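Input: a single structure, listed below in structure tokens.
Sequential numbering from 1 along the given sequence is applied to the chain's residues. Owing to the predicted nature of the structure, the values given are computational and were not obtained by experimental measurement.
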Amino acid sequence: MTSQHCDDAEAGLEDQSRRRMDNRFKEDRRLGLLIAAVTTLVQAVARRDRWQIARESTGPLLRDLLAGRYDDVFTLGVHGEPGLEGVPIAVADDRIALVVGSIRASSESGPIPITAVLVSRDSPRRWLVAALNFDLVADLEFQHQVQFGMFDEEADLAVIAAHGQLDTEAAAIDWDDPTVVLRSDEKATWTVADALKELDRFDRSAWSWLAADRITSGGIYLRARHPDLVREYL
């Protein structure tokens, strides 16, 4: 076999291997969960949504994101919400996963490469992002943390507490005054008292999702008064 034939054969094997990795988890439900976790976190960074950042990340990444170290990396440009594109995926097991892709950036710059490491403590139903770039992935101390599952929940909570209020919008409202107007239109005025009544319609198990979505006034109240919901998953 000639040298050219050998090179062609190697290139073919590499291409087949790449396709297998791209499609390996195409029908696996974890694919959507993992991509959603990374996308949600990147969008939260772009919106400066510190509550959601605390909810989706762990370890050194959590500390860096709350400190604003990624604020100039992920921004809301002309394309709107950043989202993952071209995402091959490899899952080591039910506790560690890897997502590789790129994020749409503003028109002034090209796509931002993403190497996201996700970890799950006890259940594959919930994943936290522990890294977003290859620099951290290549760090020996970080590799040790991943290998031995050293993303301690208490350590995360300490980082979150050290950064004070996670949601400036929620913190700016006087939730002790039931007459404070949260919003109004031609048909109705919505007060703090109404937001608290709204919460009475939901079981306590739904609170973490109400706070995460922040669609309702009750969800904003929960962000202000229940930081414990950050690590409440199910």
Check your understanding: Is Val137 reachable from Met150 through a run of hydrophobic residues whose side-chain heavy atoms are each under 4.5 Å from the next?
Key -> no
Exercise for review: Working to the nearest 0.5 Å, report the span between CG of Leu84 and CD of Gln43.
Suggested key: 9.0 Å
Practice item. Using only heavy-atom distances, determine whether the side chains of Glu198 and Ser217 contain a donor-acceptor pair under 3.5 Å. Key: no
Exercise for review: Check the side chains of Asp156 and Thr58 for a donor-acceptor pair under 3.5 angstrom, ignoring hydrogens and angles.
Suggested key: yes
Practice item. For residues Leu41 and Leu65, determine if any side-chain heavy atom of one lies less than 4.5 Å from a side-chain heavy atom of the other. Key: yes
Check your understanding: Cation over ring, Arg214 on Trp209, under 6.0 Å and within 45°?
Key -> no
Revision key, fill the gap. Shortest non-hydrogen pair, Ile220 vs Glu169, comes out as CD1-OE2, 3.6 Å
Practice item. Return yes if some donor-acceptor pair links the side-chain N/O of Arg231 with the main-chain N/O of Ala54 below 3.5 Å, else return no. Key: yes
Review point. If every non-hydrogen atom of Asp228 is compared with every non-hydrogen atom of Arg204, which pair is closest and at what distance?
Key: OD2-NH2, 3.4 Å
Check your understanding: With a 4.5 Å heavy-atom cut-off, do Val100 and Leu98 have their side chains touching?
Key -> yes
Study note, to complete from the structure: Rounded to the nearest 0.5 angstrom, the NE2-CG distance for His163 and Leu66 is 5.0 Å
Exercise for review: Look only at the side chain of Asn133 and the backbone of Leu136, and say whether a donor-acceptor pair between them is shorter than 3.5 Å.
Suggested key: yes
Check your understanding: Out of curiosity, Leu62 CG to Ile53 CD1, how far, rounded to the nearest 0.5 Å?
Key -> 9.0 Å
Exercise for review: Give the minimum heavy-atom separation between Asp71 and Arg48, together with the two atoms involved.
Suggested key: O-NH2, 2.8 Å
Check your understanding: What is the distance from atom CD1 of Ile35 to atom CD of Glu85, rounded to the nearest 0.5 Å?
Key -> 11.5 Å
Exercise for review: Verify the distance criterion only: is there a donor paired with an acceptor across the side chains of Ser184 and Trp190 at less than 3.5 Å?
Suggested key: no
Review point. Are any side-chain N or O atoms of Asp194 and backbone N or O atoms of Thr191, one a donor and one an acceptor, separated by less than 3.5 Å?
Key: yes
Study note, to complete from the structure: Between Ser57 and Leu61, the two heavy atoms sitting closest are CB-CD2, 4.2 Å
Exercise for review: For Ala130 and Phe142, work out which heavy atoms get closest and say how close.
Suggested key: O-CE1, 3.4 Å
Check your understanding: Once the angle between the rings of His144 and Phe148 is folded into 0 to 90°, is it parallel (under 30°), tilted (30 to 60°) or perpendicular (over 60°)?
Key -> tilted
